[in-house]
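Note that these values count all heavy atoms, side chains included, but never hydrogens, waters or copies made by symmetry. Predicted model only: the values in this text are computed from it and were never measured.
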Amino acid sequence: MTMTTDQSKSVAAVILLAAGSGTRMKSHTSKLLHTIAGRSLLSWAVTAAQGVAPEKLVVVVGHQRDQVEAHLHDIAPDALTAVQDQPLGTGHAVAAGLDVLGAIDGEIVVTYGDVPMLTGETLRRLVNHHRQSANAVTVMTAVVDDPSGYGRILRSGDDILGIVEHRDADNAQRAINEINSGIYVFDAAVLRDGLAHLTPNNDQGQLYLTDVLAHARSRGQRIGAYVETDIWQTEGVNDRVQLAAMAAEMNQRILTRLMLDGVTIIDPKTCWVEADVSFGIDVELWPGTILRGATSIADGAIIGPDTRLVDVEVGAGASVIRSEATLAVIGEGAQVGPFSFIRPGTQLGANGKIGAFVEAKNAVIGDGSKVPHLTYCGDATIGEGVNVGAGTIFANYDSVHKHHTSVGDRSFIGSDSVIVAPVTIGDDAFVAAGSVIVNDVPGGDLAVARGRQRNIAEWVEGHRVKLANPTDSPTLPTPTASPDGSSTINATASTPKE
Ligand code: UD1
Ligand code: CA
């Protein structure tokens, strides 16, 4: 989707209503900050508004306005805000927005902050329709199965007579199933005049923006409707049931677009992909895949089943199976999983491997290096072509500080080693299995840091004889440690031969 900067597409202003209370969300967080596909409802609404290239965008805030304004500053720093202190109705809210815009001519689009599926393209079609029909006001409408709660469109053929709210409507009007989306284009002067004439003469005692239409018509202005057939684009989110339904629909639309763009999705029912995730072609997503944030997946990568990636860059041809990763880079042709846990700051080089039951954090692992099994690899820089044996622990924490470990190219860390940071292991070094490494290991050296093995010949048979005849031997041989760390067996009548 490209945003046009063509002047002919631009409108004078968009007023985005976002002052409502959103009580049905039952949340400490403003409704507009709840997310669908990784973006807030407000962010979706602002993106749609930007699709008509408004010279000014004003967001009307009120309820939980501190949260809304702070978030707006992040997503649209140029947007203006208008404060509606009390929710006295949609007309009152638009008047607050118009105040901030001052003396303005031309087209003013009004839309809501809680209608996340609306696209900039649809708003452009609304504006084009408004222009082609030479209307003073154009309302976006939709024909729905269940219109209850919505304002109903009163029309005689193409002639729009006005809008009546559900609670103010009679039975005949309630039978109308063309509803007001709440999205409009107004000529600024017509809007200003209409707002000046609003009265709270309705069931809620509020100032209704919808009343501007009948007023403008009574002044001889041309009022039109633009019927949107994709009704999801006209629907607002009021509670978490609607939030979930809309998120599911948005997700299916994202997946459909991805499949059409060359991504294989084995089971679209169980994959969730947020709006800002990007893909090459021939990527395969297996069931249970969740891709979030600024994740990118290059050509031919295989993700899933049962994998969640948040802000992760996956290189071409890599595979990530049954794993969890955040803020990490996985190189071309690399293999991750099953059951890997990759935490922020991890970078796995090309053709590298992070395997089963491996946790990595802030670990830079070079090309072709492998950490295949049962390892904790935290705060480490590992060169190229390194093999880290099963069960290795990079002990990075001394109970106060975190320390760093370096491992040079082509080194080999034997299984079940503990590398106690800070420590530097050179290139082509070798750490014997089961070592506890507390000192640096020069390149090319072998480090052995464990008790030496000693075999006691034919010990087992004598031991069993003693166990079978306990009265013959009240004292069983027991190992004890000697100061050099080797073990000895207590001398008894049955001391085995060595
Ligand atoms: C409104 C329309 C109705 C339409 C429906 C579509 C009016 C009188 N009615 O009804 O015809 O079918 O939207 O969803 O316009 N808001 C403010 N300040 C206020 C009141 C509302 O900012 O004082 C904002 C809300 O945050 C929300 C939007 O305006 O984003 C709509 O308000 P809401 O109370 O949901 O209007 P409805 O009663 O649903
Ligand atoms: Ca509503």
Run the side-chain hydrogen bond (donor to acceptor under 3.5 Å, both in side chains) check on Ser40 and His71 step by step: do they pass? CA-CA 9 Å; Ser40 66; His71 179 56; 2.6 Å; yes
So, applying side chain to side chain contact (heavy atoms under 4.5 Å, CB included) with Leu309, which one of Ile297, Ile290, Thr326, Leu327 is it? Ile297
His73, NE2 atom: more than 12 neighbouring heavy atoms under 6.0 Å: no
With Ile303, the side chain to side chain contact (heavy atoms under 4.5 Å, CB included) member among Ile321, Thr295, Thr289: Thr289
Is it the case that over 12 heavy atoms from other parts of the model lie below 6.0 angstrom from the CG atom of Asp74? yes
May I ask you to say whether Asp230 pairs ionically with Arg253, meaning some side-chain N is under 4.0 Å from a carboxylate O? yes
In the structure I gave you, are the side-chain heavy atoms of Met140 and Leu118 within less than 4.5 Å of one another anywhere? yes
Among Ile163, Thr199, Leu198, Thr90, which residue meets the side chain to side chain contact (heavy atoms under 4.5 Å, CB included) test with Asp211? Leu198
Side chains of Ile104 and Leu98: closer than 4.5 Å at any heavy-atom pair? yes
Are the side chains of Glu235 and Val115 in contact, using a 4.5 Å heavy-atom criterion? no
Residues Glu274 and Arg39 bridged, charged N to O under 4.0 Å: no
For the pair Glu359 and Arg343, find out whether any cationic side-chain nitrogen is under 4.0 Å from an anionic carboxylate oxygen. yes
Using a strict 4.0 Å threshold on nitrogen-to-oxygen distance, state whether Asp311 and Arg292 make a salt bridge. no
I want to check something: taking the side chain as every heavy atom from C-beta on, are Phe279 and Leu258 in contact at a cut-off of under 4.5 Å? yes
Would a 4.5 Å heavy-atom cut-off, applied to side chains only, mark Ile365 and Ile354 as touching? yes
Less than 4.5 Å apart, any side-chain heavy atom of Ile183 and any of Leu126? yes
For His92 and Gln206, what are the C-alpha separation, side-chain angles and deciding distance, and is it a side-chain hydrogen bond (donor to acceptor under 3.5 Å, both in side chains)? CA-CA 8 Å; His92 182 253; Gln206 292 190 342; over 6 Å; no
In terms of heavy-atom contacts, Pro116 and Ile36 come closest through CG-CD1, 3.8 Å
Determine whether a donor-acceptor pair (N or O, by modelled atom type, separation under 3.5 Å) exists between the side chain of Thr307 and the backbone of Pro305. yes
Which pair of heavy atoms, one from Val100 and one from Ala82, lies closest together, and at what distance? CG2-CB, 3.5 Å
Derivation and outcome, side-chain hydrogen bond (donor to acceptor under 3.5 Å, both in side chains), residues His166 and Ser148: CA-CA 7 Å; His166 180 93; Ser148 49; 5.5 Å; no
If we only count heavy atoms from C-beta on, is the His403 to Asn396 side-chain gap below 4.5 Å? no
Presence of salt bridge, Asp379 and Lys402, under 4.0 angstrom: no
Contact summary for Ala45 and Tyr112, nearest pair of heavy atoms: CB-O, 3.5 Å
Ionic contact status for Asp239 with Arg24, cut-off 4.0 Å: no
Among Leu191, Val212, Ile108, Thr210, side chain to side chain contact (heavy atoms under 4.5 Å, CB included) partner for Tyr184: Thr210
Ion pair present between Arg217 and Asp159, side-chain N to carboxylate O less than 4.0 angstrom? yes
Given the options Leu243, Val46, Thr35, Leu33, Leu41 meets side chain to side chain contact (heavy atoms under 4.5 Å, CB included) only with Leu243
Which is it for Glu69 and Thr81 under the side-chain hydrogen bond (donor to acceptor under 3.5 Å, both in side chains) test, yes or no, and what are the steps along the way? CA-CA 8 Å; Glu69 277 180 309; Thr81 53; 3.2 Å; yes
Does Tyr226 reach the side chain of Asn128, with side-chain heavy atoms less than 4.5 Å apart? no
